[in-house]
Amino acid sequence: MQLVVARIGRAHGIKGEVTVEVRTDEPELRLAPGAVLTTDPASIGPLTIETGRVHSGRLLLRFEGVRDRNAAEALRNTLLIADVDPDETPEEDDEYYDHQLMDLDVVLTDGTEVGRITEISHLPSQDLFIVERPDGSELMIPFVEEIVTDIDLEQQRAVIDPPPGLIDDRAEIASARDAEDDGDAGDAGGARKTGDAS
């Protein structure tokens, strides 16, 4: 199975190094010197990692055959793809590969259906589940243990216990806006307004 493990950014320096946006929890394994990665677009690869180092908090890679800034800059926005055994699992019990989480049903702790995971977004601070609801709308659910209480791969579901407003905020916003449109938001019996009254 093929997994996107990084996206090449801008060239760094004049000797062929590039910055990379890491998209794997195991860069030391997937992006190690000697790793051979396929690419998207395919015509650029395969690329073999020659060296890797961290500089100012960013991973820098150099690929075999890429010796100057122009060659490095030509790789910008290329996706790096690793071949991974589909049965392989992360070393830690509470870690998962993206492909294990894709298409899981998302349900509340009481079993109420919320939707299905269609994408995992890796942000610097945390990962997000992009969840498609039955009506076609999308939700973003932070993948943190306080909210995602259980991942059950056998049952193919993720159980969440969201804080108030995480999955039902649109209904609250709409009701508050409707009350203000009526011109009597001050008497709306609990409808919330945002912003400063002055």
Side-chain angles (χ1 to χ4, degrees), residues 1-9 20-31 37-41 57-59 77-181 190-195:
M1 176 167 54
Q2 296 192 314
L3 296 177
V4 174
V5 293
R7 183 179 66 84
I8 298 176
V20 293
E21 174 192 313
V22 176
R23 297 189 179 178
T24 174
D25 289 334
E26 299 173 312
E28 67 286 347
L29 175 65
R30 307 289 178 211
L31 300 171
L37 303 167
T38 55
T39 59
D40 181 7
R58 293 196 67 108
L59 179 62
N77 293 323
T78 299
L79 296 178
L80 299 175
I81 302 165
D83 284 313
V84 177
D85 182 340
D87 296 326
E88 183 180 331
T89 57
E91 293 178 5
E92 300 293 327
D93 289 341
D94 60 347
E95 290 183 357
Y96 303 90
Y97 291 134
D98 286 5
H99 71 271
Q100 294 176 294
L101 302 171
M102 291 295 290
D103 292 324
L104 291 186
D105 293 324
V106 178
V107 299
L108 299 178
T109 52
D110 65 3
T112 303
E113 179 185 356
V114 175
R116 180 179 56 86
I117 299 173
T118 57
E119 184 182 340
I120 291 95
S121 179
H122 300 282
L123 303 179
S125 57
Q126 66 188 15
D127 295 336
L128 290 175
F129 290 160
I130 309 301
V131 177
E132 183 178 314
R133 302 190 80 168
D135 65 4
S137 63
E138 286 187 338
L139 288 172
M140 289 185 283
I141 307 290
F143 186 21
V144 293
E145 61 183 310
E146 295 82 14
I147 297 173
V148 181
T149 60
D150 186 41
I151 298 289
D152 187 336
L153 295 179
E154 286 188 13
Q155 297 291 320
Q156 286 290 291
R157 66 181 196 165
V159 179
I160 65 169
D161 186 12
L166 182 66
I167 64 174
D168 55 3
D169 57 345
R170 286 174 300 164
E172 293 176 14
I173 291 169
S175 64
R177 191 175 299 127
D178 291 345
E180 289 176 8
D181 290 345
R192 290 187 287 177
K193 293 174 68 175
T194 58

Practice item. Step through the shown structure and confirm whether more than 12 heavy atoms of other residues, nucleotides or ligands are within 6.0 Å of CE on Met140. Key: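 No, the 6.0 Å shell around CE holds no more than 12 heavy atoms from other groups.
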Distance check, rounded to the nearest 0.5 Å: [X] atom [atom1] versus [Y] atom [atom2]?
X      : Y      : atom1 : atom2 : value
Asp40  : Asn77  : CG    : CG    : 11.0 Å
Asp127 : Leu101 : CG    : CG    : 9.0 Å
Ile117 : Leu139 : CD1   : CG    : 11.5 Å

Review point. Do Val148 and Phe129 come close enough that some side-chain heavy atom pair is under 4.5 Å?
Key: yes
Check your understanding: With a 4.5 Å limit on heavy-atom distance, are the side chains of Leu37 and Leu31 in contact?
Key -> yes
Exercise for review: Enumerate the residue pairs fulfilling salt bridge (charged side-chain N to carboxylate O under 4.0 Å, His left out) with a member in residues 100-112, sequence neighbours excluded, ordered by first and then second residue.
Suggested key: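 Pairs touching residues 100-112 that pass the test: Asp103-Arg116.
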**Study point:** Minimum heavy-atom distance between Pro134 and Gly115, given as atom pair plus value
**Key:**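 That closest heavy-atom pairing would be CD-CA, 4.3 Å.
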Review point. Between Leu79 and Val4, what is the shortest heavy-atom contact and its length?
Key: CD2-CG1, 4.2 Å
Review point. Residues two or more places apart in sequence or in another chain: which of them pass salt bridge (charged side-chain N to carboxylate O under 4.0 Å, His left out) with Arg58?
Key: none
Review point. For Glu113, which residues count as a salt bridge (charged side-chain N to carboxylate O under 4.0 Å, His left out) partner, sequence neighbours excluded?
Key: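 Testing Glu113 for salt bridge (charged side-chain N to carboxylate O under 4.0 Å, His left out), a comparison that skips the adjacent residues, returns none.
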Review point. Residues two or more places apart in sequence or in another chain: which of them pass side-chain contact (heavy atoms from CB on, under 4.5 Å) with Glu119?
Key: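 Here the qualifying residues are Ile130.
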**Study point:** For Thr39, all residues meeting side-chain contact (heavy atoms from CB on, under 4.5 Å), sequence neighbours excluded
**Key:**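 By the side-chain contact (heavy atoms from CB on, under 4.5 Å) rule, Thr39 matches Ile44, Leu47, Thr78, Leu80.
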Run the side-chain donor-acceptor check on residues 155-162: report pairs under 3.5 Å with partners two or more places apart or on a different chain.
residue, atom, partner, partner atom, Å
Gln156, NE2, Leu153, O, 2.8

